[in-house]
There are 2 protein chains.
Amino acid sequence: MSDASQKREESLDVIQRELTAFARRARSAAARLHPELPLVSYTLLAHIDEQHGCRAADLAAHYMLDKSTVSRQIGALEKLGMVERHPDPADHRIQVLRPTQAGTQALAATKASRRAAYRERLGEWTAHDLAQFARYLLRYNAAGDATAP
Amino acid sequence: MSDASQKREESLDVIQRELTAFARRARSAAARLHPELPLVSYTLLAHIDEQHGCRAADLAAHYMLDKSTVSRQIGALEKLGMVERHPDPADHRIQVLRPTQAGTQALAATKASRRAAYRERLGEWTAHDLAQFARYLLRYNAAGDATAP
DNA sequence: CATTTCCGTTGTACTATACAACTGAATATC
DNA sequence: GATATTCAGTTGTATAGTACAACGGAAATG
């Protein structure tokens, strides 16, 4: 194996290991830091908000979740008063999901507290390094959803 | 807010969002690609292997898992014949965990298949970008285990 | 129409996880 | 040296998140 491709392999191994380590820790850390709005709910709620309303099937597709999982998660969010289901007049099979005011607020609060945590954690980084890291992550995630990790 | 710190905030948001997206997908993708050795078991087994034997408490600390969780995971790995527990003669409280031959093999196989997936996914990247990305991930993960995401 | 396909719910089961209570072993304190 | 404390691991119990399968109603397609 050439020297260059040797280096590539090493980098790949590091990326694999570190991303996996991150994934392994993400949930517990999120649960600890934001008990009021669990990671999964947060993620779904954020997506609903960004899309300005969407269907359960969209969430399932986007996050590779079973529709039953999404259905229950939405149920939980509804019980918390964070989302509302609006029947679509044009197609009675569809429910359009929208964040309630409480949902929007909770989302903003969680987003702010997460941002603060990241700001602290990455406080030593230069703006250039942050921008580079963000760019790499975007590129990585865009590279095909089905291949990780 | 200054222009520079505006940029910082944007990068932080991207990093937060992309890492979260990754974490959300990691489990299902791993389960799909490697049904024979689940993500958690794989991770623990890999750590045991890299450390050339370690204690359950080390695993718990490193992955921020409860010791009961580790205990059960190790139990599962043992039942699969992938790890052995060796009592430490110097301290009878301690069990040194070691991969069995079967464990080492399964680990190698899974590692190879993951590496192949990564190689394909990141095939377009230059060696330099891979190295940079790996560096950032290492730095990120080293920056304090308790703050993410 | 009849069939198929789509959207969502519900029943059931499994995995990963945490917390608490416990056992046994080593260390510290008096 | 006896007692108390701390440490390593197990087990009981509970919970969250998830998948798969079976279903119901609604729409699209033949």
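A, B, ... follow the sequence lines: proteins, then strands. Residue 1 opens every chain.
Taking side-chain N and O atoms only, R55(A) has a distance below 4.0 Å to OP1 or OP2 of dC7(C). Under 4.0 angstrom from either OP1 or OP2 of dA16(C) there lies at least one side-chain N or O belonging to Q73(B). For T69(B) and dA16(C), the shortest distance from a side-chain N or O to OP1 or OP2 is not below 4.0 Å.
For Y140(A) and W125(B), the ring centers sit 6.0 Å or farther from each other.
Residue-to-nucleotide proximity on DNA chain C shows that, of S68(B) and R85(A), the 5′-proximal contact is made by R85(A). Between K67(B) and V40(A), the residue anchored closer to the 5' end of DNA chain D is K67(B), taking for each the nucleotide with the nearest heavy atom.
Atoms CG (L65(A)) and P (dC20(D)) sit 12 Å apart, rounded to a whole Å. The CZ atom of R72(B) sits 15 Å away from the P atom of dT15(D) (whole-angstrom rounding). Rounded to an integer number of Å, the gap from CG of D66(B) to C1' of dA16(C) is 12 Å. A straight line from OH of Y63(A) to P of dG17(D) spans 15 Å, rounded to a whole angstrom. Per the geometry, CG belonging to D58(A) stands 11 Å off C1' belonging to dC7(C), to the nearest Å. Rounded to whole angstrom, the span from the CD1 atom of I74(B) across to the P atom of dG9(D) amounts to 9 Å. We find that NE2 of H92(B) is positioned 15 Å from C1' of dG9(D), with the value rounded to whole Å. As a whole-Å value, the separation of M64(A) CE from dA19(D) P is 9 Å.
Here the side chain of D88(B) pairs no donor or acceptor atom with the backbone of I94(B) at under 3.5 angstrom.
The cationic group of R114(B) lies under 6.0 Å from the six-membered ring centre of Y42(B) and within 45° of the ring axis, placing it in a cation-pi geometry.
Between D129(A) and R139(B) there is a salt bridge, since at least one side-chain N of the basic residue sits less than 4.0 Å from a carboxylate O of the acidic one.
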